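Read the structure below first, then the notes.
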Amino acid sequence: MAFEICVPATSANIGPGFDVVGLSLSLYLRLQVNIDVETSSSRTPTLSYEGEGADEAPLDPYKNLTTRVALYVLRCHGISSFPAGISIHVKNEIPFGRGLGSSGAAVIAGVLLGDRLGDLKLSTERMLDFALMVERHPDNVTAALIGGFVGSYLRELDESSTAAASVPLAEVLPEYPPDAGEDWGRDPPFPPTGIGHYVRFRWAQEIKAVAIIPQFELSTAKARAALPNSYSRKDVIFNLQRLAVLTTALGQSPPDPELIYEAMKDRMHQPYRKSLIPGLPEVLNSVTPATHKGLLGICLSGAGPTILALATEGFENIAEAASSVFIKHGVKVDWKVLTVCGGCTVR
């Protein structure tokens, strides 16, 4: 048996939609899975890897995020191990630690892998439950799973379900000791039903995403640590007003640059992350629809450091202008023009 899993990159927040909205983008994590019991009787998957992160990604299936998630899904359904003779070749286009949803893609790939290997036939909603047990913020994993421009939230659960959905990640994906046998970690915490809900918004097809990618990593944990514990009412209202407009404005054709540029401004996360990303305020303030034809709006992609510029034309000029700011601060950059794409596939 052979099949391929394909999961897109994602960009979360899109300015004011902190932890709420996400986009799926045309960079992909692909898993080429082959099961051949005639070549091997081992139930430990053989992993190989090429592309982004090839020097960093663990090839031990009990340390690799994707295979650990797959095993979690399988064990929640009474299947204690991988099938015999399984090999997985990973082709990855999504850079690690750049705010393009690499970990969310790995989690979704793991859920899909567990579902296919166990022949579980999980619904999309149930797959999201499993993903949210690992990746506790819904924006990236929902966009990777569903595709397009997506809004999501975590549902208020009853007391027992809240406790089940809030167990420490170390219990969901335990660190496997070197001598772990097949029975070790066999009874993982089972996810409650309906942890997250979502809706897909309309997206104007002429809008492309220019990803300006600084060549350094920024961990989500470090980026979150820079945020305050509370916000002023004024700043919360500022973001809510813009998000309410943005979710409709990006689906209108032709898109309105003046409307979208203002609607993509933020006061809840970007101002607090400027010390972590050299040149961030200058990029956000100097690249505008007035200075760069075709630009609609510009923001930090997820936790950063990638900058996401939405545009209908002039992609190279926009990318070069943003890149020049980073270069001035001694930061090398890459850039790509991406489309907003569909969600994950298994074939």
Side-chain angles (χ1 to χ4, degrees), residues 10-23 96-104 107 132-143 150-157 162-163 165-170 195-198 211-214 216-247 260-288 297-310 322 325-326 329 331:
T10 53
S11 179
N13 305 331
I14 322 302
F18 180 56
D19 278 1
V20 177
V21 297
L23 289 174
F96 287 4
R98 302 295 206 282
L100 288 169
S102 60
S103 64
V107 169
L132 289 173
M133 290 294 287
V134 180
E135 188 92 354
R136 302 296 170 93
H137 306 285
D139 42 11
N140 284 111
V141 290
T142 307
V150 180
S152 56
Y153 64 81
L154 298 178
R155 189 166 65 89
E156 289 189 323
L157 304 169
T162 297
S166 304
V167 298
L169 184 57
I195 300 174
H197 288 188
Y198 61 87
I212 300 102
I213 309 168
F216 67 89
E217 293 187 22
L218 175 58
S219 74
T220 301
K222 185 175 181 180
R224 282 192 175 274
L227 303 180
N229 293 323
S230 61
Y231 296 93
S232 69
R233 179 186 299 180
K234 182 179 180 181
D235 285 351
V236 171
I237 291 172
F238 180 95
N239 272 47
L240 288 173
Q241 288 173 334
R242 281 153 183 76
L243 182 60
V245 172
L246 186 65
T247 52
I260 293 171
Y261 182 77
E262 181 62 34
M264 283 180 63
K265 291 182 178 179
D266 161 76
R267 289 184 181 174
M268 296 187 75
H269 64 105
Q270 292 178 171
Y272 302 99
R273 289 168 167 165
K274 61 185 179 183
S275 64
L276 303 176
I277 304 169
L280 175 61
E282 188 177 345
V283 170
L284 296 180
N285 293 326
S286 65
V287 183
T288 71
I298 189 165
C299 64
L300 194 60
S301 179
T306 294
I307 299 293
L308 193 77
L310 302 182
V325 175
F326 283 118
H329 286 267
V331 178

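Numbers here are sequence positions counted from 1. For the numbers below, each heavy atom of this structure counts, side chains included, while hydrogens, waters and symmetry mates do not. What you see is a predicted model, and the numbers here were worked out from it, not measured in a lab.
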For the backbone of [Y] and the side chain of [X], can you confirm whether one donor and one acceptor N or O come within less than 3.5 Å of each other?
X      : Y      : result
Arg98  : Pro214 : yes
Ser11  : Leu23  : no
Asp139 : Gly22  : no

Quiz item: Taking only residues two or more places apart in sequence, or in another chain, which ones meet Tyr261 in a side chain to side chain donor-acceptor pair (under 3.5 Å)?
Solution: none
Where is the tightest heavy-atom contact between [X] and [Y], given as atom of each residue plus distance?
X      : Y      : answer
Gly279 : Val325 : O-CG1, 3.7 Å
Ala309 : Ile212 : CB-CD1, 4.4 Å
Ile277 : Pro305 : CD1-CA, 3.8 Å
Ala211 : Thr306 : CB-CG2, 4.1 Å
Pro278 : His329 : CB-CB, 3.9 Å
Ala223 : Leu276 : CA-CD1, 3.8 Å

Heavy atoms, side chains only, cut-off 4.5 Å: are [X] and [Y] in contact?
X      : Y      : answer
Tyr198 : Pro138 : no
Ile195 : Met133 : yes
Cys299 : Asp266 : no

Quiz item: ring pair (Phe, Tyr, Trp, His ring centres under 6.0 Å) with His197: which residues, sequence neighbours excluded?
Solution: Tyr153
Quiz prompt | Qualifying residues under ring pair (Phe, Tyr, Trp, His ring centres under 6.0 Å), relative to Phe18, sequence neighbours excluded | solution =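 Phe18 satisfies ring pair (Phe, Tyr, Trp, His ring centres under 6.0 Å) with His269 once adjacent residues are dropped.
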List the atom pairs, with distances to 0.1 Å, where a side-chain N or O of residues 226-234 and a protein N or O form a donor-acceptor pair under 3.5 Å, not counting sequence neighbours.
residue : atom : partner : partner atom : Å
Tyr231  : OH   : Met268  : O            : 2.7
Ser232  : OG   : Asp235  : N            : 3.1

Quiz item: For Arg224, what residues pass the salt bridge (Lys or Arg N to Asp or Glu O under 4.0 Å) criterion, not counting sequence neighbours?
Solution: Asp19
Practice problem: Name all residues meeting the salt bridge (Lys or Arg N to Asp or Glu O under 4.0 Å) criterion together with Arg242; count only those two or more places apart in sequence or in a different chain, and write none if there are none. | Solution: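 Partners of Arg242 under the salt bridge (Lys or Arg N to Asp or Glu O under 4.0 Å) test: Glu262.
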Exercise. Can you spot which of Ile307, Leu308, Asn13, Thr10 makes a side chain to side chain contact (heavy atoms under 4.5 Å, CB included) with Ser301?
Key: Leu308
At what distance, to the nearest 0.5 angstrom, does [atom1] of [X] lie from [atom2] of [Y]?
X      : Y      : atom1 : atom2 : result
Ile14  : Ile260 : CD1   : CD1   : 12.0 Å
Leu169 : Arg136 : CG    : CZ    : 6.0 Å
His137 : Leu132 : NE2   : CG    : 10.5 Å
Leu246 : Leu310 : CG    : CG    : 8.0 Å

Practice problem: Take Ile298 and Met264, measure what side chain to side chain contact (heavy atoms under 4.5 Å, CB included) needs, and give me the verdict at the end. | Solution: CA-CA 7 Å; Ile298 189 165; Met264 283 180 63; 5.6 Å; no
